[in-house]
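Heads up, the thing below is written out as structure tokens.
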Protein chains: 2
Amino acid sequence: MQFDEERSGAARLTEPLNRLPLRDQAVGVLRDMVVTGALRGGERINEAELAARLGISRGPLREAIQRLGAEGFVEFRLNRGAFVRTMSPEQIRHLYEVRELIEVRAAELAAARASETGIGRLREMLQVTDELLSQGSDAAYPPELDLHELVLEMADNSELRRIGSDLQNQVKLARMTAGRAPDRARQALAEHREILSAITARDSRRANRAMRKHLRASFAQLFPLGAAETDLGARPSDAAR
Amino acid sequence: MQFDEERSGAARLTEPLNRLPLRDQAVGVLRDMVVTGALRGGERINEAELAARLGISRGPLREAIQRLGAEGFVEFRLNRGAFVRTMSPEQIRHLYEVRELIEVRAAELAAARASETGIGRLREMLQVTDELLSQGSDAAYPPELDLHELVLEMADNSELRRIGSDLQNQVKLARMTAGRAPDRARQALAEHREILSAITARDSRRANRAMRKHLRASFAQLFPLGAAETDLGARPSDAAR
DNA sequence: AGATAGCAAACTGTTGACAGATGAGTGCCA
DNA sequence: TGGCACTCATCTGTCAACAGTTTGCTATCT
């Protein structure tokens, strides 16, 4: 999100040819710490201690914390510093409402707009998905393969991608505060398969329905009851262009 | 966005009872400087000079710049610092695509969900709008009255509001880079009136259409040609709940 | 004259230290 | 024994200075 070279995954404190500013490395590490629970919801961030732990000084760390703040990972209290954000069930419901809006449209656009090379990448992922499905239920994607990020990219709209990635982060935070839920990996894979299949077939309507179904199931898993509260309707829209 | 007390408008470097951290005051000032053109697109931000101009040191200023970065107002280059972001015509098109998605839904939800007191506030704004319409064409809303923010608030979804406000900022940036366009104030007021009327009547379909029409006209003004490129369809959706 | 290597100024990235605020703990008083 | 004021350690907010990089300029060589 800041430099070309930055990747969203676990940024190590190593040194590439052009080592990134400590601030940017810290952003990556902090994001990971929040979504993995190394920093727990509601916990106060002790700057001096954390800086020492990362082996940097408070300056770059404070800059990183500001970024986390803008991304919704932490909140600030006057003269008390930063606290890891917790999301209320209502906020999580709101989040999934917006996520559905964004990602369903992304799936539609991906089906309508994806380039040939893009379709190729989707096919690869589809193949990986099928292999995982044929294997055991403890299957998991390799970490660099993320269906939602891929769909957002295929949609070919820089702003949609920016917002979508932001929401992906929020979802990770929501999963932390809501606590780990029962294993849904296998089910999710099957839903992914349907999404991928629809997009590679360039079928916007089917992509719409498949993504919507997937997201609602994902939400229902977080809150087994009351999932039907959001009634946004599943009407497909005409494809763009 | 960071503390309760922060307001989005022109934050002065004064001191309330609990004076905000310099960093937060700087965020407000910098946002204003970008959207008013005091800092021009593409311009490099000289930290030492700007800090001196604001009467603060580089520390808090750098933290503020990080926030601006996360908000999309500035971009970073390694060892070159921060530069005020410019948006390409394509990025602006993308922005308006997403804005339509978000704000049209917000208008629908506002019509469906707005509380009685919320409807009251909308009626007030409707009245102000009518007064302005009956006056000269140089009429303008008082700065604290923003239809789009109000609609986002009425939609009663914290995440939708967060994303929507973010997009509002992007739009301001887009207006700067696209340059001031011909006077559309009067036309915009009429469109606002239709939106307000629809929401206070709790008519989601009409609110949908009115907001969509308004946003497309707003986009067309920035790019008089090629506005029809985004063909997202104007189908109304069922109201939520 | 044009190109190139070296130098110096300017600026970012980073650090450590100071000042003010917060809140937990302590002792005093009713 | 319960409540309250005070004290003090801890931590955030802020600043000033140091270090490494980038870039424009100058001088030299071809």
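Residue numbers start from 1 in every chain, and the chains themselves are labelled A, B, ... in the order their sequence lines are given, proteins ahead of strands. Side-chain atoms are counted along with the backbone in the values below, which use heavy atoms only and exclude waters and symmetry mates.
- On a pure distance criterion of 3.5 Å, a polar donor-acceptor pair joins the side chain of B:Arg58 and the base of C:dG13.
- Remark: A:Glu103 engages A:Arg99, A:His148 in a side-chain hydrogen bond (donor to acceptor under 3.5 Å, both in side chains) (not counting sequence neighbours).
- In this structure, B:Leu20 atom CG and D:dG13 atom P are separated by 11 Å, rounded to whole Å.
- Put simply, CZ on A:Phe76 is 18 Å from P on D:dC11, counting in whole angstrom units.
- Listed nucleotides: C:dT14, D:dG13, D:dC15. Nearest to the side chain of A:Asn79: D:dG13.
- Summarising the geometry, the separation between CD1 on A:Ile65 and P on D:dT12 is reported as 8 Å, rounded to the nearest angstrom.
- The nucleotide whose nearest atom lies closest to any side-chain atom of A:Arg80 is, among D:dC15, C:dT14, C:dT22, C:dT22.
- As a whole-Å value, the separation of B:Arg62 CZ from D:dG13 C1' is 16 Å.
- Using modelled atom types, one finds no donor on one side chain facing an acceptor on the other under 3.5 Å when comparing A:Arg175 with A:Gln170.
- The side-chain hydrogen bond (donor to acceptor under 3.5 Å, both in side chains) search around A:Glu149 returns A:Ser165, not counting sequence neighbours.
- Using a 4.0 Å cut-off between a side-chain N of Lys or Arg and a carboxylate O of Asp or Glu, B:Glu71 and B:Arg162 do not qualify as a salt bridge.
- Across all strands, B:Pro60 comes closer than 4.0 Å only to sugar-phosphate atoms, never to a base (heavy-atom distances).
- Computed from coordinates, the A:Leu22 CG to C:dT15 C1' distance equals 10 Å when rounded to whole Å.
- In this view, A:Arg121 and A:Glu153 satisfy the side-chain hydrogen bond (donor to acceptor under 3.5 Å, both in side chains) rule, not counting sequence neighbours.
- Overall bending of the helix from C:dA1-D:dT30 to C:dA30-D:dT1, expressed as the angle between end axes built from five pairs apiece, is 10° (10° steps).
- Between the CG atom of B:Asp146 and the CD atom of B:Gln168 there is a distance of 5.5 Å, given to the nearest 0.5 Å.
- Remark: B:Leu147 CG to B:Ile199 CD1 distance equals 7.0 Å, nearest 0.5 Å.
- As a whole-Å value, the separation of B:Gln25 CD from D:dG13 P is 13 Å.
- Residues from residues 42-52 of chain B placing a heavy atom under 4.0 Å of any atom in DNA chain C, listed by number, are B:Arg44, B:Ile45, B:Asn46, B:Glu47.
- Between D:dG13 and B:Arg23, a contact under 4.0 Å exists linking OP1 or OP2 to a side-chain N or O.
- Residues satisfying the ring pair (Phe, Tyr, Trp, His ring centres under 6.0 Å) criterion with A:His94, sequence neighbours excluded, are absent altogether.
- For B:Glu63, counting side-chain heavy atoms from C-beta on, the closest listed nucleotide (D:dT14, C:dT14, D:dC15) is D:dT14.
- Look at CZ on A:Arg19: it is 9 Å from C1' on C:dT14, rounded to the nearest Å.
- Residue A:Gly59 is in base contact, counting any heavy-atom pair closer than 4.0 Å across all strands shown.
- Within the cation-pi definition used here (under 6.0 Å to the ring centroid, within 45° of the axis), B:Arg93 does not qualify as a partner of B:Phe223.
- What separates CG of B:Leu54 from P of D:dC15 is a distance of 11 Å, to the nearest Å.
- A tilted orientation is assigned to the rings of A:Phe219 and A:Tyr96, their planes being inclined by 30° to 60°.
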